[in-house]
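Residue numbers count from 1 along this sequence.
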Amino acid sequence: MSDVVVSAAWLADRLEEVHVVDVRDAWEYDGIGHIAGAVNVPFETFRSEDDGEAGMLPGAEAFAELLGDVGIGTDDEIVAYDDMHGVFAARLLVTAELYGHDPERLHLLDGDYSAWSLEHPVSETTPPTESADYEASFRTDGPLVGLDAVESAIDDADTVIVDTREEWEYEEGHIPGAVRLDWRELVDDDSRGINPESEIRSLLEERGITPGKRVLLYCNTARRISHTYTVLRHLGYPNLAFYEGSLTEWEAEGGELETAD
């Protein structure tokens with residue numbers, strides 16, 4: 001297991017060494033407070049339906065400008081957080097990876113702002129920043145896969161297709177052969193972080209989502225799979241595929257849906 005998902009204690013010891021990114025709305029960042037030194041990159045600023053290379057990616061140029069403007073450089077270490085169990089923060093991390101940021105330098109805060117604020121001081125002061133050079137280019141060799149790859153995976157015994165949506169969504173219609181793993185099954189409502197490793201591994205094994213298989217993830221618009229992808233990367237799963245188009249593209253392109261009996 002690697003330190004993709006990091007504890008509050010881990011971060012508290014490294015606040016001067018990493019770039020902390022708060023992906024909540026600006027009014028939350030300014031009005032409720034934030035982790036000291038954190039910069040604000042709201043979730044909606046790195047989502048686009050028009051300009052990206054696939055799905056809702058924002059486009060390499062826009063993403064580079066966004067991170068550079070808040071002082072983050074290409075080689076910097078990033079810890080992201082939100083106030084929704086990490087699902088929005090994970091999307092930032094996956095986006096950065098897809099644009100070439102070293103995944104070993106991308107971390108998700110275990111728990112979220114609410115959990116942090118219970119035990120650590122917070123700030124209402126926006127830190128001074130200087131713009132930095134951030135180079136972004138879409139990784140054609142990265143984990144992102146397209147519709148053709150998903151079609152091929154349906155009959156591939158070495159791949160497990162994973163639907164990370166809620167049960168009722170899965171039952172209404174899912175990619176044929178997909179197994180259900182609601183992303184919220186991996187998090188604890190009380191701690192607001194991920195469940196203990198043993199519990200997660202047991203659940204994954206029960207669903208047939210094992211490290212020996214290629215794991216292909218999807219949801220509706222690639223937000224929820226970002227969290228599951230990050231957790232699986234944390235657990236050391238070696239072969240992960242990220243269907244950015246997700247069910248939105250699948251249905252638009254006439255892909256077959258399977259319903260629960």
Spacing of [atom1] belonging to [X] relative to [atom2] belonging to [Y], to within rounding of 0.5 Å:
X	Y	atom1	atom2	value
R184	D189	CZ	CG	5.0 Å
N239	K213	CG	NZ	12.5 Å
E97	E104	CD	CD	9.5 Å
I209	L217	CD1	CG	8.0 Å

>> Between E206 and R180, does any NZ, NE, NH1 or NH2 come within less than 4.0 Å of an OD or OE carboxylate oxygen?
In response: no
> Would R224 and D182 pass as an ion pair if we require N to O under 4.0 Å?
Replying inline: no
4.5 Å side-chain heavy-atom contact, [X] and [Y]:
X	Y	answer
H227	T230	no
V41	F63	no
H234	I194	yes
L106	D102	no
R14	V6	no
D133	T74	no
R223	M84	no

>> Would the distance check show the side chain of W250 and the main-chain N or O of E256 forming a donor-acceptor pair, the cut-off being under 3.5 Å?
In response: yes
Quick one: list whatever passes ring-ring contact (aromatic ring centres under 6.0 Å, His included) with [X], sequence neighbours left out.
X	value
Y113	none
Y243	none
H19	none

> Looking only at heavy atoms, which two atoms of A222 and S246 are closest? And how far apart?
Replying inline: N-OG, 3.7 Å
> Where do N40 and D22 come nearest, in terms of heavy atoms and distance?
Replying inline: ND2-O, 3.0 Å
For [X], look at atom [atom1] and say whether over 12 heavy atoms of other residues, nucleotides or ligands are found less than 6.0 Å away.
X	atom1	answer
E135	CD	no
D13	CG	yes
E205	CD	no

> With respect to L257, which candidate in E251, H174, E172 satisfies the side-chain contact (heavy atoms from CB on, under 4.5 Å) definition?
Replying inline: E251
Would you call the rings of [X] and [Y] parallel, tilted or perpendicular if under 30° counts as parallel and over 60° as perpendicular?
X	Y	answer
Y134	H101	parallel
F138	Y99	perpendicular
H120	W116	parallel

>> Regarding S114 and D83, do their side chains bring together a donor and an acceptor under 3.5 Å, going by distance alone?
In response: yes
Applying salt bridge (charged side-chain N to carboxylate O under 4.0 Å, His left out), which residue pairs with at least one partner in [range] are found, sequence neighbours left out?
range	answer
residues 143-155	none
residues 57-77	E77-R105
residues 157-168	D163-R165

